[in-house]
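A short worksheet on the structure shown next.
The analysis underlying the following values was restricted to heavy atoms, covering all of them including side chains, and did not include hydrogens, waters or symmetry mates.
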Amino acid sequence: MVMTAYMEHKNLANETIDAARAGEIAGNVHAVLDRVAAAEQAAGRKEGSVRLLAATKTRDVGEIMAAIDAGIRMIGENRPQEVQVKAPGLLRLAAERGFALGVGGDATADASNAAASNTAAATNGMIPFHLIGQLQSNKIGKILPFVDTIESVDSIELAEKIARRAVMRGITVGVLLEVNESGEASKSGCPASHAIDLAQRIGNMGGLQLQGLMTIGAHVSDETTIRAGFAHLRKTRDQILASGAPGTEHCTELSMGMTGDMELAIAEGATIVRVGTGIFGERAFI
Ligand SMILES: *Cc1c(COP(=O)(O)O)cnc(C)c1O
């Protein structure tokens with residue numbers, strides 16, 4: 001397994017954290033949920049129309065479970081190797097609490113026991129498990145047993161490879177098309193000018209369900225610029241839906257807004273905000 005540097009000095013499979021750390025995460029979760037509710041209200045949007053995804057990169061199983069215990073009901077990982085390291089523990093501990101997590105593993109490897117209980121014990125419902133970071137095509141097979149939705153699809157080539165794998169497994173994978181609204185060279189995502197065409201083509205692929213669009217806000221201090229990117233993503237989503245093209249009817253989600261810009265994103269129609277630092281504190285690595 002490929003390890004990135006920080007994975008050598010932090011055991012991401014660790015399940016036990018101290019009470020002070022768990023309390024800190026719980027307090028943060030409540031504060032972020034309050035921010036979401038206040039932003040919904042300020043924007044005149046219905047309470048509960050925005051879902052809070054915890055961005056869990058560099059956090060261990062114990063930290064993630066503390067967030068779930070405090071009310072988090074959607075998680076997102078950036079790196080396939082982190083998904084693989086954490087999934088067995090997360091699945092087992094979620095099942096103990098009556099939750100099904102993501103796809104729930106499959107009949108291979110060490111996730112099998114957790115997988116068996118994933119759906120059987122799901123009395124409290126399902127916690128979606130998303131991939132939100134860049135995906136190399138040789139890692140697709142490794143994450144499909146665990147994540148139900150891939151938010152970082154930004155090319156036809158990647159979508160086709162995921163679709164092929166999904167059809168082979170006999171499953172349907174949720175996908176969001178990632179759009180580079182800011183045009184910043186450092187960012188992943190398709191060019192904004194290609195988004196409608198790509199969405200229509202991805203919507204037509206077997207094995208995938210196009211569920212919406214995702215973007216990362218512009219890395220600038222000017223709120224008008226950040227907001228314009230979010231507004232443009234919403235307009236693009238609306239145009240895709242209005243096109244009536246086959247397979248675009250579920251393209252409703254707008255995953256946009258992070259710790260620093262979630263209020264702007266919610267004002268512009270976000271349905272999912274992805275928050276890491278606000279829930280877990282500053283990242284020690286990356
Ligand atoms: C890390 C990350 C987030 C969360 O960022 P914070 O600023 O820590 O809230 C959201 N989306 C993606 C794609 C990320 O990689």
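Evaluation of the salt bridge (Lys or Arg N to Asp or Glu O under 4.0 Å) test over residues 170-180, restricted to residues two or more places apart or in two chains, returns none. Here salt bridge (Lys or Arg N to Asp or Glu O under 4.0 Å) pairs that include residues 140-150, with residues two or more places apart or in two chains, number zero. Sorted by first then second residue, the side chain to side chain donor-acceptor pair (under 3.5 Å) pairs that include residues 30-45, not counting sequence neighbours, are R35-E263. A salt bridge (Lys or Arg N to Asp or Glu O under 4.0 Å) check over residues 200-216, counting only residues at least two apart or in different chains, returns the pairs D197-R201. Sorted by first and then second residue, the side chain to side chain donor-acceptor pair (under 3.5 Å) pairs with a member in residues 59-69 read K10-E63, N14-D60, R21-E63, D69-R97; sequence neighbours excluded. Here salt bridge (Lys or Arg N to Asp or Glu O under 4.0 Å) pairs that include residues 207-230, with residues two or more places apart or in two chains, are R227-E268. Applying the side chain to side chain donor-acceptor pair (under 3.5 Å) test to every pair with at least one member in residues 156-167, sequence neighbours left out, gives no pairs at all.
For the atom pair T149 OG1 and F129 CZ, the distance stands at 11.0 Å (nearest 0.5 Å). Summarising the geometry, atom CD1 belonging to I216 is positioned 8.0 Å from atom CD1 belonging to I132; distances are rounded to the nearest 0.5 Å. Here the straight-line distance linking atom NE2 of H232 with atom CE of M256 works out to 12.0 Å at 0.5 Å rounding. Between atom CG of residue L52 and atom CD1 of residue I279 there is a gap of 4.5 Å, rounded to the nearest 0.5 Å. Residue Q209 holds its CD atom at 13.5 Å from CD1 of I202, rounded to the nearest 0.5 Å. Here the straight-line distance linking atom CG of N78 with atom OG1 of T58 works out to 9.0 Å at 0.5 Å rounding.
A distance-only check finds no donor-acceptor pair linking the side chain of R51 to the backbone of V273 [under 3.5 Å].
Between V83 and K139, the closest side-chain pair of non-hydrogen atoms is not below 4.5 Å. T259 has its side chain out of reach of V32: every pair of non-hydrogen atoms, C-beta onward, lies at least 4.5 Å apart. Side-chain contact between N180 and D154 is absent, with no heavy-atom pair separated by less than 4.5 Å. Side-chain contact between I75 and L90: present, with at least one pair of heavy atoms (C-beta onward) separated by less than 4.5 Å. Side-chain contact between R73 and I68: present, with at least one pair of heavy atoms (C-beta onward) separated by less than 4.5 Å. At a threshold of 4.5 Å between non-hydrogen side-chain atoms, the residues K57 and R283 count as touching. Side-chain atoms of D238 and K235, non-hydrogen and from C-beta on, never get closer than 4.5 Å to each other. Side chains of Q136 and P80 form no contact here, defined as non-hydrogen atoms less than 4.5 Å apart.
For E249, the salt bridge (charged side-chain N to carboxylate O under 4.0 Å, His left out) test picks out no residue, with sequence neighbours left out. Checked against side chain to side chain donor-acceptor pair (under 3.5 Å), E282 has no partners two or more places apart in sequence or in another chain. Taking E77 as the reference, T56, K86 meet the side chain to side chain donor-acceptor pair (under 3.5 Å) condition, with sequence neighbours excluded. Residues satisfying the side chain to side chain donor-acceptor pair (under 3.5 Å) test with N28, not counting sequence neighbours, are none. Taking S152 as the reference, nothing meets the side chain to side chain donor-acceptor pair (under 3.5 Å) condition, with sequence neighbours excluded.
The shortest non-hydrogen separation linking I17 to A66 is CD1-CB, 3.8 Å. Between G212 and C251 the shortest heavy-atom distance is CA-SG, 3.7 Å. Of all heavy-atom pairs between V61 and G89, the closest is CG1-C, 4.1 Å. Shortest non-hydrogen contact noted between A163 and G206 is CB-O, 3.4 Å. Residues L144 and V103 come closest through the heavy atom pair O-CG2, 3.9 Å. The two residues A87 and F146 make their nearest non-hydrogen contact at CB-CD2, 3.5 Å.
Around CD of E24, the count of heavy atoms belonging to other residues, nucleotides or ligands within 6.0 Å exceeds 12.
Linking ILVMFWY residues whenever their side-chain heavy atoms come closer than 4.5 Å, directly or via other members, places I196 and M205 in the same cluster. Both L213 and M262 belong to a common hydrophobic cluster when Ile, Leu, Val, Met, Phe, Trp and Tyr are linked at side-chain heavy-atom distances under 4.5 angstrom. One hydrophobic cluster, built from ILVMFWY side chains closer than 4.5 Å, holds both L210 and L135. Taking hydrophobic clusters as Ile, Leu, Val, Met, Phe, Trp and Tyr residues chained together by side-chain heavy-atom distances below 4.5 Å, V153 does not share a cluster with M214. Both V147 and V173 belong to a common hydrophobic cluster when Ile, Leu, Val, Met, Phe, Trp and Tyr are linked at side-chain heavy-atom distances under 4.5 angstrom.
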Exercise. Given the rule in the side chain to side chain contact (heavy atoms under 4.5 Å, CB included) test, do L53 and S255 qualify, once you have shown the distances and angles that lead to the verdict?
Worked result: CA-CA 9 Å; L53 175 150; S255 176; 5.8 Å; no
Exercise. Between H130 and R274, does a side chain to side chain contact (heavy atoms under 4.5 Å, CB included) hold up when you go through it step by step?
Worked result: CA-CA 10 Å; H130 290 195; R274 308 177 309 270; over 6 Å; no
Exercise. Please walk me through it: do H219 and K187 pass side chain to side chain contact (heavy atoms under 4.5 Å, CB included)?
Worked result: CA-CA 10 Å; H219 191 66; K187 287 217 167 80; 4.0 Å; yes
Exercise. Going through the checks in order, is the side chain to side chain donor-acceptor pair (under 3.5 Å) test met by E181 and T215?
Worked result: CA-CA 7 Å; E181 285 290 351; T215 199; 5.6 Å; no
Problem set entry | Residue pair L241, T248: steps toward the side chain to side chain contact (heavy atoms under 4.5 Å, CB included) verdict | CA-CA 6 Å; L241 279 173; T248 60; 5.6 Å; no
